[in-house]
Amino acid sequence: MRFIALLILCGLAFSGVASAQPIGEADLLRHIEILASDAFEGREPGTDGENKAVNYIATQWSAAGLRPAGENGSWYAPVPLVERRPESHRIYFFSSASGKVVRTVEDELLLWSRSPSFRASNIPVVFAGYALSGKGQPSVAGKLVLLPRTPPDTDDAFTGFGKRKLQLIRDGAVGVITVLDDQDRWPRFRRYFERGATSLASEQNHAELEGVISFDQFEKLVRQSGLQAKTLLGDRDALSIVDLGLNAESKVETQVRSYLSHNVIGKIPGINPKRGALLFMGHWDHFGICRVEDPLNPGKDRICNGAVDNASGISLLIETAKRLSNEQHDRDIYFLATTAEEKGLLGARAFVENPPVNLDTLIGVFNADTVALSDNGQKIAVIGLGENGLDRDIEIVAAQEGREIDRSGNADVYSKRQDGYIFLERNIPAYMITSAFADEERVKAFINGPYHDVSDEVNDSLELTGAAADANFYVALGRYLSSTGTYPGKATSGVADN
């Protein structure tokens, strides 16, 4: 409690002075040093590190003059999560015609279940391509489906696979096993799946049985049906449900842990909220204590502090809120700090499923993520440019602020890997604007180095020149888009009161 009280006093002391001045590197560093400190233990959802992180953000926004916009008048919106880790599994495949067993290598087929225990026999096994299901297609109800991980359109791999899997589950598939089409990738994916997965706590999003199978073992299964694995995987846009002539019997035990995490939501009320709302966002979470203790080196660093990813983005939001909160705006301005971005953009998904504002009223969403990488405060990457209706207005603000927009499009490869994409899926204009991603070489060096590692911490390599310029750009965007004088927009209705 003394720790939180000290944060409150610090926040109150800085807010009055800071709101009238441009955002500087020291302003951002102050928050990064706290959020990425060992005291916050890497800000993993569901831990004491989460409690400290969300309390710090709420305290800072409260000191800045924002109003809480979470559940029941609080700063927080609960996000129920469930983590599943494979414990033990056994599965046998039989020819449905002869009853002959098709043996698979246990280490190349990993399974987990929706509930702690799953047992079933005589499950028909089918292959599912990406052609549309519909009239004339065999039903998947009660069947075990083998689904390729990579859709035909590889640019849409992050969402195409998820949508197809969800469709199969809602069509009644008892299980969905992901097929990896590259055997060389199997060891890496096996390690990933063995660590477990976290999702929103909604049973309708999960089959009773899920898993992943290597290409070699998939090839062995389909060969028994007289089919060719490469043909099935190579013709996914033309094939939908293919009966493999196999039945399965399986017993699976899974560690299932349900827990509660939180988004943090604040609001600056506008004088004319029927003209729409603006949303600034960033994720507060990281990977927590991400390494096991080494008995031979007990003092070795084990905490993934997440200084760049994404204490830097949250620091930008805190300082942006301070500058905008003491000004009058026509539109409401919301600030959102999401949980579980690192676990699959889950906090953002929870927000759009239960928003404090009618999503149709959002004129724009701006995501701040991984901003502390650039020593150049002029050039900015605008992820989402060309896909939204605010392009021209962003260009106007960029010209006013003396910023050059990177037109290479190189940063667009990250579009579907950040929270803003959840809003793009719903046709809401959403952007991630940062100088960090305008420097392709520096971004790649970060991703191949400190990214998601214990070395992403506060040290001499932290670059805040571009981050401070980005923060002031967000302030300029907020002023421009929240005013009906500079951005008339369109009249809307149905804004929730908070």
Side-chain angles (χ1 to χ4, degrees), residues 3-4 7 31-32 34-61 70-71 74-85 112 192-203 205-206 254-266 281-292 302-315 317-318 335-355 367-370 417-422 451-454 456-457:
F3 177 76
I4 298 301
L7 298 182
H31 304 298
I32 296 172
I34 293 172
L35 288 164
S37 68
D38 285 354
F40 282 63
E41 298 181 324
R43 307 187 307 277
E44 183 176 10
T47 68
D48 188 51
E50 163 171 350
N51 295 336
K52 291 180 178 180
V54 297
N55 284 337
Y56 181 80
I57 297 166
T59 295
Q60 292 295 314
W61 283 348
E71 188 173 85
S74 75
W75 289 99
Y76 312 110
V79 180
L81 299 172
V82 60
E83 177 189 70
R84 293 178 174 86
R85 292 179 182 269
W112 59 96
Y192 171 79
F193 284 107
E194 283 175 341
R195 290 199 298 266
T198 301
S199 60
L200 295 177
S202 174
E203 287 197 353
N205 294 330
H206 299 279
T254 303
Q255 296 178 16
V256 180
R257 180 175 73 97
S258 298
Y259 62 100
L260 199 63
S261 189
H262 301 82
N263 289 334
V264 189
I265 312 174
M281 67 183 297
H283 73 92
W284 59 257
D285 66 303
H286 203 57
F287 287 91
I289 300 174
C290 57
R291 289 185 178 177
V292 297
R302 300 169 55 210
I303 301 175
C304 284
N305 300 90
V308 175
D309 181 17
N310 186 37
S312 67
I314 293 298
S315 70
L317 295 181
I318 290 171
F335 285 83
L336 167 66
T338 60
T339 182
E341 188 268 357
E342 302 290 7
K343 299 180 184 296
L345 317 183
L346 301 181
R349 290 194 183 280
F351 179 89
V352 300
E353 289 179 6
N354 187 27
N367 184 33
D369 194 346
T370 311
R417 298 172 57 178
Q418 48 90 29
D419 275 339
Y421 188 70
I422 302 303
Y451 179 61
H452 292 176
D453 187 67
V454 296
D456 181 11
E457 55 188 354

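- A 4.5 Å side-chain heavy-atom check between Asp369 and His283 finds at least one atom pair inside the cut-off.
- A heavy-atom distance below 4.5 Å is found between the side chains of Leu81 and Leu200.
- Distance CD/Glu194 to CZ/Arg85: 11.0 Å, rounded to 0.5 Å.
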Run the side chain to side chain contact (heavy atoms under 4.5 Å, CB included) check on Cys290 and His452 step by step: do they pass? CA-CA 9 Å; Cys290 57; His452 292 176; over 6 Å; no

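- Between Arg291 and Asp453 there is a salt bridge, since a side-chain N of the basic residue sits under 4.0 Å from a carboxylate O of the acidic one.
- Contact detail for Arg43 and Ala311: the closest heavy-atom pair is NH2-N, 3.5 Å.
- Counted by atom type alone, Asn367 and Gln418 present one or more donor-acceptor pairs between their side chains at under 3.5 Å.
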Checking side chain to side chain contact (heavy atoms under 4.5 Å, CB included) for the pair Phe351/Ile422: CA distance, chi angles, key distance, verdict? CA-CA 9 Å; Phe351 179 89; Ile422 302 303; over 6 Å; no

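- Taking both residues in full, the closest heavy atoms of Trp61 and Leu317 are given as NE1-O, 3.8 Å, listed atom of the first, atom of the second, then distance.
- Heavy atoms only, all atoms of each residue included: Ala350 and Asn263 are closest at CB-ND2, 4.5 Å.
- Summarising the geometry, atom OG1 belonging to Thr339 is positioned 9.0 Å from atom NE2 belonging to His262; distances are rounded to the nearest 0.5 Å.
- With 3.5 Å as the limit, one finds no donor-acceptor pair spanning the side chains of Asp456 and Asn305.
- Using a 4.5 Å heavy-atom cutoff, the side chains of Ile314 and His31 are not in contact.
- Using a 4.5 Å heavy-atom threshold, the side chains of Ile57 and Trp75 count as separate.
- Counting heavy atoms from C-beta on, the side chains of Asp285 and Glu50 never come closer than 4.5 Å.
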